[in-house]
Every structure is written in structure tokens, then in C-alpha cells.
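Step one of this worksheet: look at the structure below.
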2 protein chains.
Amino acid sequence: MHIELLRRCQYFADLPDQTLAAAAAAAQLRRVPTGDFIFRQGESASHFYVLAEGHARLSQISPEGRQIIMGLIGPPIEIGIIAAIQGAVYPLDLQATQDCQALAWEHRTLIRLLESHPMLALRALRMVSGRFVELQDRYRELATERVERRLARALLRLVNQSGRPDGDDVTIALPLARQDLAELTGTTLYTVSRTLSAWESSGIIRSGRERVTLCDLPRLSEIAEG
Amino acid sequence: MHIELLRRCQYFADLPDQTLAAAAAAAQLRRVPTGDFIFRQGESASHFYVLAEGHARLSQISPEGRQIIMGLIGPPIEIGIIAAIQGAVYPLDLQATQDCQALAWEHRTLIRLLESHPMLALRALRMVSGRFVELQDRYRELATERVERRLARALLRLVNQSGRPDGDDVTIALPLARQDLAELTGTTLYTVSRTLSAWESSGIIRSGRERVTLCDLPRLSEIAEG
DNA sequence: GGAGATCGTTGCGCTAGCGCAAATTCGGAC
DNA sequence: GTCCGAATTTGCGCTAGCGCAACGATCTCC
């Protein structure tokens with residue numbers, strides 16, 4: 001049931017049943033096969049989504065064609081609120097990297113829900129605010145930290161979010177190419193490859209094609225935090 | 001009157017009188033002399049502000065002590081909502097670079113206003129969303145663009161926000177050291193100085209101690225946009 | 001199980017930008 | 001007017017990271 005999904009969302013978890021029920025009733029389920037776009041940068045922001053199944057990639061492409069990845073996301077997560085609330089265009093691509101299912105609310109439905117359920121609007125505000133602070137931290141990181149540290153932090157974030165225990169180690173349970181890591185951290189696939197190779201020699205990680213396993217979290221954390 | 005100020009705020013401008021009056025009635029005026037902090041990074045986020053008079057600097061300092069500037073702001077502007085809504089700590093310093101006056105709402109007052117005026121909550125959501133998109137653009141810029149382009153864009157942003165006509169040219173009406181520009185664009189004061197010197201030789205700008213005047217906007221825009 | 005495509009590695013040269021240090025300019029205080 | 005401190009400029013050497021190119025590894029699809 002949709003309401004169960006909403007209850008697992010970080011920012012909606014403790015809303016009253018009645019509010020969640022109203023929200024759930026207004027949602028439509030959308031299925032998106034691997035590789036398809038849930039929405040595309042520049043498209044009119046018609047819907048707000050809660051991702052229910054499958055992983056997806058949030059990316060942005062610069063006018064010169066260089067892509068950056070803003071996030072690799074997995075369920076349950078609220079997404080598209082920023083564009084949908086403004087009635088603007090999506091500022092990002094969201095591409096399914098697995099078969100996905102998402103609850104969708106149309107722009108007008110969303111506005112109506114937020115107007116009639118002030119608690120919901122407050123939660124949405126908290127959610128966007130939380131995302132803002134995270135982005136601000138990444139911005140500072142990019143402005144002030146070396147590649148090595150940014151990469152270490154990206155791996156730790158990913159393992160927190162999508163880690164799967166693997167003996168004493170933890171594998172990031174996402175297909176994760178060197179190019180992806182480069183676009184997540186603002187560097188190039190060459191530098192990522194060289195850095196991972198060095199870490200693999202020192203036993204901090206193991207890695208393979210589109211796969212990274214963290215073996216020595218303390219040492220990686222030390223690189224990440226200084 | 002406070003309500004007049006709110007009506008000049010981008011995101012509150014067209015709210016009904018009744019809503020603005022309720023908000024204005026709950027505000028307190030706070031005066032902050034030049035150099036003092038309106039709030040500090042890590043402080044409990046007790047208030048939401050609307051800056052009414054004077055300019056201020058939003059900055060963040062990294063654990064290693066390197067500072068970055070997130071923005072140089074002038075009235076009227078809404079500020080601190082992100083921290084105040086979460087009841088968290090301010091993620092930034094806000095320092096008065098002139099004598100400032102600001103309307104202040106206490107955390108609980110803000111929450112109460114947002115709960116009882118859904119339109120207000122929606123506007124706040126739009127505001128934070130707009131800021132998010134701007135920050136995301138700066139993030140992409142930092143990840144993908146050269147210093148020269150980032151600097152050109154920063155100057156154009158500043159002149160849009162605080163430009164004062166000066167004959168055929170436009171001067172940025174803020175004390176603006178090379179160090180400030182460096183911290184705004186994620187580079188060093190040396191690179192800023194060298195770049196500005198080169199631009200001055202080609203007649204794109206004029207500059208002096210803590211002062212920059214743009215002379216050739218088309219050429220600067222071309223550097224900024226490619 | 002072979003061919004082709006995709007992904008990853010690494011040598012090598014290069015460049016954008018860093019950052020020290022010294023010189024210079026500017027503004028304000030007295 | 002003079003002095004002092006802060007801001008700026010610029011020479012110089014350096015390095016982190018870029019990016020090409022060539023090669024190697026791995027997966028997938030017949």
C-alpha cells in the first residue's frame with residue numbers, strides 16, 4: 001500500500017495517518033524501465049515523485065556537454081519537489097539505473113495537498129532545507145578539498161546509503177564506473193582510477209569493473225576527514 | 001512599517017495583506033553594527049531574518065580554517081530560513097559589512113506562522129527551492145568551469161545585485177577585496193589579481209583597492225558564457 | 001567460445017592554477 | 001604631510017591533476 005511507503009520516507013515518517021492517507025490517495029504509480037528517464041533536464045516539472053523501487057541517477061549536463069552527477073539515489077526517497085513546487089522546469093535528469101517504480105503527484109495536486117495540510121508543507125520545507133545544507137557542504141568540499149579527500153567522502157556516503165556487508169568488508173551495491181565517481185566528485189576518470197589503484201595497493205579498498213568494496217573504513221575515514 | 005519591507009521581498013511580494021500583517025506583527029527589529037555577526041556557524045538557529053538595511057556576508061569556514069563566501073547579500077532578503085525551519089544550527093556565518101537592520105522571527109513564531117498560513121509555507125518552500133537551484137548551478141560551475149569563467153560570472157552576478165552606474169560603466173557598490181572574490185569563486189587571491197589585471201589591460205574592467213568597475217559587459221559576458 | 005564493446009589502467013607530457021616572497025600602491029589616522 | 005598597515009601586484013618555481021594514447025581486462029551476445 002502506498003501509505004506504507006510514505007511512512008518509510010525520512011521526512012514523512014511521523015505525520016498523522018490522516019495526512020498520509022490523503023497524500024497516498026492522490027498518488028499515481030509510475031513504472032520506469034532501466035535506462036529510461038523519470039524526468040529530463042529542461043522538461044516542464046509536471047510531477048513530484050517518491051521513488052519506491054529501483055535505483056536512479058540524478059545528473060546535470062553543462063551547456064558544453066560535460067556531465068556531473070548530483071546523486072545516486074535509492075528508495076524510499078522524495079524527489080522533484082524543488083522543480084514541482086516552483087512550477088518550473090526540472091534542473092536535472094533523473095535516469096533509472098534499475099527498473100523503477102515511483103509514486104507521482106501532479107503539480108496541482110501537490111500544491112493542493114500542501115495548502116490543505118500545513119504539516120506536509122512544513123515537512124517539505126524541512127526536506128528541501130536539509131538537501132540544501134548537504135549541497136552546501138559538497139560545494140565547500142569542492143572549493144577547498146583535494147580530489148583524494150572528495151573521493152574518499154563520496155565512497156563513504158555511497159557505502160552508508162547503499163552498502164552491502166561482504167565478509168569483513170562492505171561493497172557498494174550499485175554499478176559504479178570510474179566515470180561515475182569522477183562526475184560525482186568533480187574530477188576525471190583517470191584520477192579516480194589512479195587513486196583507487198593506490199588505495200587498493202595499500203589494502204584500503206578492493207575494486208573491479210563497476211564495483212568498489214571498502215576494506216579499511218578507519219583509514220578511508222582518516223583520508224576523508226583529515 | 002514592517003509590512004512595506006515584506007512587500008518588497010521577492011517571495012512575499014504578492015501575498016494577501018492579512019498574511020503579511022500577521023507576519024509583520026510577529027517580527028522584532030534587530031540592529032547590528034558593522035563587523036558584528038547576525039548569526040554564527042554552529043549557533044543554535046533561533047531566528048529567521050529579513051534583512052532590511054545594510055549589506056552582509058554569508059560565509060562558511062572549513063574545519064581546516066579555509067573560508068568560503070556563499071554570498072554577499074543586500075536588502076531586502078530573507079535569510080536563515082533553512083536553519084530556523086529545521087531547528088538546527090546555522091550552517092554559515094552572517095556578518096554585517098555595514099550597519100544592518102533586520103526583522104527577526106523566533107523559531108517557534110516562525111513555525112506557528114507557517115502552520116497557520118499555508119500560503120506563507122508555500123512561498124518559503126519556493127524560496128528555498130529557488131536558492132537550491134542557484135546553488136546547484138554554482139556547484140556545477142565549480143566542478144566544470146575554469147577560474148576565469150567563474151570569476152566573470154561572479155562579477156556579473158554582483159553587478160546585477162549591487163551595480164551602481166558610473167558614466168558608461170557600472171561599479172560594484174560593495175567593498176570587494178581580491179580575497180573576497182577568491183573565496184566566492186573557489187580560487188586564490190593571486191589568481192584573481194592576475195586575471196583582473198589581464199582584463200584591465202584589455203579594457204574589460206577597471207579596478208582599485210576593494211573596488212571593481214565593469215567597462216565592457218558584452219566581452220565579460222562572452223567570457224562568462226563561452 | 002570467439003568477437004566486439006565497454007571499462008579500467010598506466011606511462012607520459014603538459015598546463016592551469018597554487019603559493020611564497022618581495023615590491024608596490026593605496027587609504028586612513030594622527 | 002607623514003606614517004603605518006592593509007591590499008594588491010607580479011616574478012618565479014612548483015605540483016596536483018588533466019588528458020591523450022596505448023594496452024589490458026572483463027562482460028555480453030551470438
Side-chain angles (χ1 to χ4, degrees), chain A residues 34-35 57 62 64-69 72 97 141-155 171-172 174-202 204-213 223 226, chain B residues 34-35 57 62 64-69 72 97 141-155 171-172 174-202 204-213 223 226:
Chain A
T34 305
R57 167 190 306 167
S62 76
E64 300 85 41
R66 185 150 165 203
Q67 181 174 271
I68 61 165
I69 297 181
L72 299 171
T97 48
E141 200 175 296
L142 191 55
T144 63
E145 309 286 7
R146 299 267 154 97
V147 167
E148 192 178 44
R149 180 164 295 180
R150 301 204 303 270
L151 189 54
R153 290 200 186 159
L155 289 178
T171 293
I172 295 170
L174 289 173
L176 190 64
R178 303 295 182 267
Q179 179 76 41
D180 294 331
L181 282 170
E183 290 172 2
L184 263 174
T185 53
T187 179
T188 63
L189 79 104
Y190 308 107
T191 301
V192 170
S193 178
R194 281 186 257 266
T195 307
L196 294 189
S197 293
W199 287 346
E200 189 147 14
S201 307
S202 5
I204 299 174
I205 65 160
R206 279 177 291 128
S207 77
R209 188 190 179 93
E210 300 189 315
R211 185 182 50 73
V212 179
T213 303
I223 293 169
Chain B
T34 306
R57 166 190 306 168
S62 77
E64 299 85 41
R66 186 152 163 199
Q67 181 173 269
I68 62 165
I69 297 182
L72 299 172
T97 48
E141 201 176 295
L142 192 55
T144 63
E145 311 285 6
R146 299 268 154 97
V147 166
E148 192 179 44
R149 178 163 297 178
R150 302 205 303 270
L151 188 54
R153 290 200 186 158
L155 289 178
T171 293
I172 295 170
L174 289 174
L176 189 65
R178 303 295 181 268
Q179 179 76 38
D180 294 332
L181 282 169
E183 289 172 2
L184 263 174
T185 54
T187 179
T188 63
L189 81 106
Y190 308 108
T191 300
V192 170
S193 177
R194 280 186 259 267
T195 307
L196 293 189
S197 293
W199 287 346
E200 189 147 15
S201 307
S202 5
I204 299 175
I205 65 160
R206 278 178 291 127
S207 78
R209 189 188 178 94
E210 300 190 316
R211 185 182 50 72
V212 179
T213 303
I223 293 169

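Labels below follow one simple rule: chain letters A, B, ... track the order of the sequence lines, proteins then strands, and each chain is numbered from 1.
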**Study point:** Polar side-chain atom of A:T187 near backbone of A:T191 as donor-acceptor pair, under 3.5 Å
**Key:** no
Check your understanding: Which part of the nucleic acid does B:R178 contact within heavy-atom distance under 4.0 Å: base, sugar-phosphate only, or nothing?
Key -> sugar-phosphate
Revision key, fill the gap. Between CG of A:L196 and P of C:dT9 the distance, given in whole Å, is 7 Å
**Study point:** Backbone of A:E145 reached by a side-chain donor or acceptor of A:R150 within 3.5 Å
**Key:** yes
Exercise for review: Mind calculating the distance between CD (B:E210) and P (D:dG5) to the nearest angstrom?
Suggested key: 17 Å
Exercise for review: Take atom CD of A:E200 and atom C1' of C:dG8, then tell me their distance rounded to the nearest Å.
Suggested key: 11 Å
Point to revise | Side chain to side chain, A:T188 and A:Q179, heavy atoms closer than 4.5 Å | key: no
Point to revise | Working for side-chain contact (heavy atoms from CB on, under 4.5 Å), residues B:L151 and B:L184 | key: CA-CA 8 Å; B:L151 188 54; B:L184 263 174; over 6 Å; no
**Study point:** Between D:dA7 (P) and B:L176 (CG): distance, integer Å
**Key:** 13 Å
Exercise for review: Send over the distance from A:R211 CZ to C:dT9 P, rounded to a whole Å.
Suggested key: 11 Å
Review point. Sub-3.5 Å donor-acceptor pair from the side chain of A:S197 to the main-chain atoms of A:S193, do we have one?
Key: yes
Review point. Taking CG from A:L181 and C1' from C:dC7, how many angstroms apart are they, rounded to a whole number?
Key: 13 Å
Review point. Does the pair A:E200/A:R206 count as a salt bridge with the N-to-O cut at 4.0 Å?
Key: no
Exercise for review: Starting at atom CD of B:E183, determine the distance to atom P of C:dG19, rounded to an integer number of angstrom.
Suggested key: 13 Å
Point to revise | Flag, side chain of A:S207 to backbone of A:R211, donor-acceptor distance under 3.5 Å | key: no
Exercise for review: State, to the nearest 10°, the angle formed by the axis through the first five base pairs of the helix from C:dG1-D:dC30 to C:dC30-D:dG1 and the axis through its last five.
Suggested key: 50°
Point to revise | Pair A:E210 + A:R178: basic N to acidic O under 4.0 Å | key: no
Check your understanding: Taking the side chain from A:R149 and the backbone from A:I223, do they hold a donor-acceptor pair closer than 3.5 Å?
Key -> yes
Study note, to complete from the structure: Scoring nucleotides 10-18 of chain D by protein non-hydrogen atoms under 4.0 Å (B base, S sugar-phosphate only, - none) yields BBB---SSB
Review point. Taking CZ from A:R206 and P from C:dT9, how many angstroms apart are they, rounded to a whole number?
Key: 15 Å
